[in-house]
Number of protein chains: 2
Amino acid sequence: MARAATTSDAFNAVAEPRRRQILSYLALQERPVGDIVAALSLDQPSVSKHLGVLRNVGLVRVRRDGRHKFYRTNAEAIRPLHEWAGTFERFWRHQLSRVKEIAEEKAKEAQSISKPVVDPQI
Amino acid sequence: MARAATTSDAFNAVAEPRRRQILSYLALQERPVGDIVAALSLDQPSVSKHLGVLRNVGLVRVRRDGRHKFYRTNAEAIRPLHEWAGTFERFWRHQLSRVKEIAEEKAKEAQSISKPVVDPQI
DNA sequence: TTGACATATTCCCATATAAGAATGTAATTT
DNA sequence: AAATTACATTCTTATATGGGAATATGTCAA
């Protein structure tokens, strides 16, 4: 079996850096394809293809106006990703506090070496 | 150019569902490879390969003990993902409030139809 | 040393990419 | 209708994948 399609879910879709750029660009305001091309200096077909992937997984929405198509990011679709990553938050907090503890222990050691047994308070 | 390597960053690495499972499993406690194989019912070579990818991008750490290797997830490495997704939080909040507004407007309409012009307060 | 156990690596294969180039399609203007 | 503008699709190509099977490596035990 090969790698899962980029269109299989939001996780695969946002693995591509340009698609993340596009999402950020379209989060603030809807934009026609040409603006994305200009703003991110990518080729037009490339942008259309990336937008196709993003549309497929619901990460962007389109609105047509004459010969322009306005795309905007559908932030809701990014939420599952945020939530999945969020389930690890308590773990990285623990890790951080362990790192802190160790750092503090080391600092203490260093202190007791440089200042042998003089004036423990302060 | 082909798709970026799964080992190019955390985004690509976690795009694979089994690797996300492994990360969740190893978040609570370090585990030898055999436990992962049993818990997720995957083939051992498959697990080793996934662990290789995760190790490459710093998503897991290893400790050897005799002929066992204990893996644990390095939650810190998931943080950038959480933070990137988090930059869209205010947008999905806005979207939600818009949806709410619309729902409330509709409810109001429905109400004014069923209760024509009777007692607007309350 | 031999053997058993735990994990890693290699090879093969079907599949999917992303970029680039070229072409297609749809809507608008002249 | 012809030309133009704005996007989308198709084709090719180099490259990477994940699973399965087989094999290699490393560590301990008898």
Side-chain angles (χ1 to χ4, degrees), chain A residues 1-23 25-26 29-73, chain B residues 1-23 25-26 29-73:
Chain A
M1 200 187 278
R3 217 206 290 206
T6 54
T7 51
S8 50
D9 57 35
F11 284 94
N12 279 280
V14 306
E16 161 66 45
R18 273 76 184 254
R19 285 197 284 266
R20 289 201 297 280
Q21 284 184 252
I22 292 176
L23 287 175
Y25 183 61
L26 297 177
Q29 198 183 337
E30 64 172 11
R31 301 277 195 179
V33 178
D35 281 18
I36 308 172
V37 170
L40 310 185
S41 46
L42 298 171
D43 291 336
Q44 177 268 311
S46 182
V47 169
S48 278
K49 279 182 261 180
H50 284 313
L51 288 171
V53 172
L54 294 172
R55 213 184 326 122
N56 257 288
V57 297
L59 280 163
V60 298
R61 305 269 191 231
V62 212
R63 174 177 75 83
R64 161 160 247 148
D65 180 38
R67 49 186 160 183
H68 295 265
K69 282 192 171 184
F70 288 85
Y71 283 85
R72 72 203 134 92
T73 114
Chain B
M1 200 187 281
R3 216 207 288 205
T6 55
T7 50
S8 51
D9 56 36
F11 284 94
N12 279 279
V14 306
E16 161 65 44
R18 274 76 185 254
R19 285 197 285 267
R20 289 201 297 278
Q21 283 184 250
I22 293 176
L23 287 173
Y25 184 61
L26 297 177
Q29 198 182 336
E30 65 173 11
R31 301 276 195 181
V33 178
D35 280 19
I36 308 173
V37 170
L40 309 185
S41 48
L42 298 171
D43 291 336
Q44 176 268 313
S46 182
V47 170
S48 278
K49 280 183 259 182
H50 283 314
L51 288 172
V53 172
L54 294 171
R55 214 184 325 122
N56 258 288
V57 297
L59 279 163
V60 297
R61 304 269 190 231
V62 213
R63 175 177 73 85
R64 161 159 248 147
D65 179 38
R67 47 187 160 182
H68 295 265
K69 281 192 171 183
F70 287 85
Y71 283 83
R72 72 200 134 92
T73 115

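Labels below follow one simple rule: chain letters A, B, ... track the order of the sequence lines, proteins then strands, and each chain is numbered from 1. Heavy-atom basis, side chains included; hydrogens, waters and symmetry copies ignored. Treat the numbers as computed from the prediction; the structure is a model and nothing was measured.
- Under 3.5 Å, the side chains of A/Arg18 and A/His50 contain no donor-acceptor pair of N or O atoms.
- If you find the closest nucleotide of DNA chain C to B/Ala2 and to B/Pro32, the one lying nearer the 5' end belongs to B/Pro32.
- When the side-chain nitrogen and oxygen atoms of A/Tyr71 are compared with OP1 and OP2 of D/dA6, none of them lie within a distance under 4.0 Å.
- Put simply, B/His68 has no side-chain N or O that comes within less than 4.0 Å of OP1 or OP2 on C/dC5.
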Problem set entry | Protein-to-nucleotide contact annotation, 5' to 3' order, nucleotides 24-30 of chain C [B base; S sugar-phosphate only; - none; under 4.0 Å, heavy atom] | ---BBS-
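- The closest donor-acceptor contact from the side chain of B/Asp35 to the backbone of B/Arg31 lies at 3.5 Å or more, if one exists at all.
- Between B/Ser46 and D/dG18 there is no side-chain N or O to OP1 or OP2 distance below 4.0 Å.
- Note that CG of B/Asp43 is 11.0 Å distant from OG of B/Ser48, once rounded to the nearest 0.5 Å.
- D/dA6 atom C1' lies 17 Å from atom CG of A/Leu42, rounded to whole Å.
- Whole-Å rounding puts the A/Gln21 CD to C/dA18 P distance at 14 Å.
- In this entry the distance linking CZ of B/Arg3 with C1' of C/dT15 reads 10 Å, nearest Å.
- Within the 4.0 Å cut-off from OP1 or OP2 of D/dC7, not a single side-chain nitrogen or oxygen of A/Ser48 is found.
- Considering only side-chain atoms of A/Pro45, the nucleotide from D/dA8, C/dT9, D/dG18 that sits closest is D/dA8.
- Atom NZ of B/Lys49 is separated from atom C1' of D/dG20 by 7 Å (rounded to the nearest Å).
- Here the CG-NZ distance, from B/Leu54 to B/Lys49, works out to 14.0 Å after rounding to the nearest 0.5 Å.
- Rounded to an integer number of Å, the gap from B/Leu51 CG to C/dA6 P is 16 Å.
- A/Asn12 contributes a side-chain N or O that, together with a main-chain N or O of B/Ala15, makes up a donor-acceptor pair within less than 3.5 Å.
- For the pair A/Lys69 NZ and D/dC7 P, the interatomic distance rounds to 9 Å; values are reported in whole Å.
- Rounded to an integer number of Å, the gap from CG of A/Leu54 to C1' of C/dA18 is 14 Å.
- Residue A/Gln44 is the one, among A/Gln44 and B/Asp43, whose nearest nucleotide of DNA chain D lies closer to the 5' end (criterion: closest heavy atom).
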Would you tabulate the side-chain donor-acceptor contacts of residues 59-69 of chain A under 3.5 Å, counting partners in other chains and residues two or more places apart, or write 'none'?
{"unit_1": "A/Arg63", "atom_1": "NE", "unit_2": "A/Glu30", "atom_2": "OE1", "d": "3.2"}
{"unit_1": "A/Arg63", "atom_1": "NE", "unit_2": "A/Glu30", "atom_2": "OE2", "d": "3.3"}
{"unit_1": "A/Arg63", "atom_1": "NH2", "unit_2": "A/Glu30", "atom_2": "OE2", "d": "2.5"}
{"unit_1": "A/Arg64", "atom_1": "NE", "unit_2": "A/Gly66", "atom_2": "O", "d": "3.2"}

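- Separating the CD atom of A/Glu16 from the P atom of D/dA16 is a distance of 14 Å, rounded to the nearest angstrom.
- Listed nucleotides C/dA8, D/dA8, C/dA18 differ in distance to A/His50; the shortest reach to its side chain belongs to C/dA18.
- Atom OG1 of A/Thr73 sits about 13.5 Å away from atom OH of A/Tyr25, to the nearest 0.5 Å.
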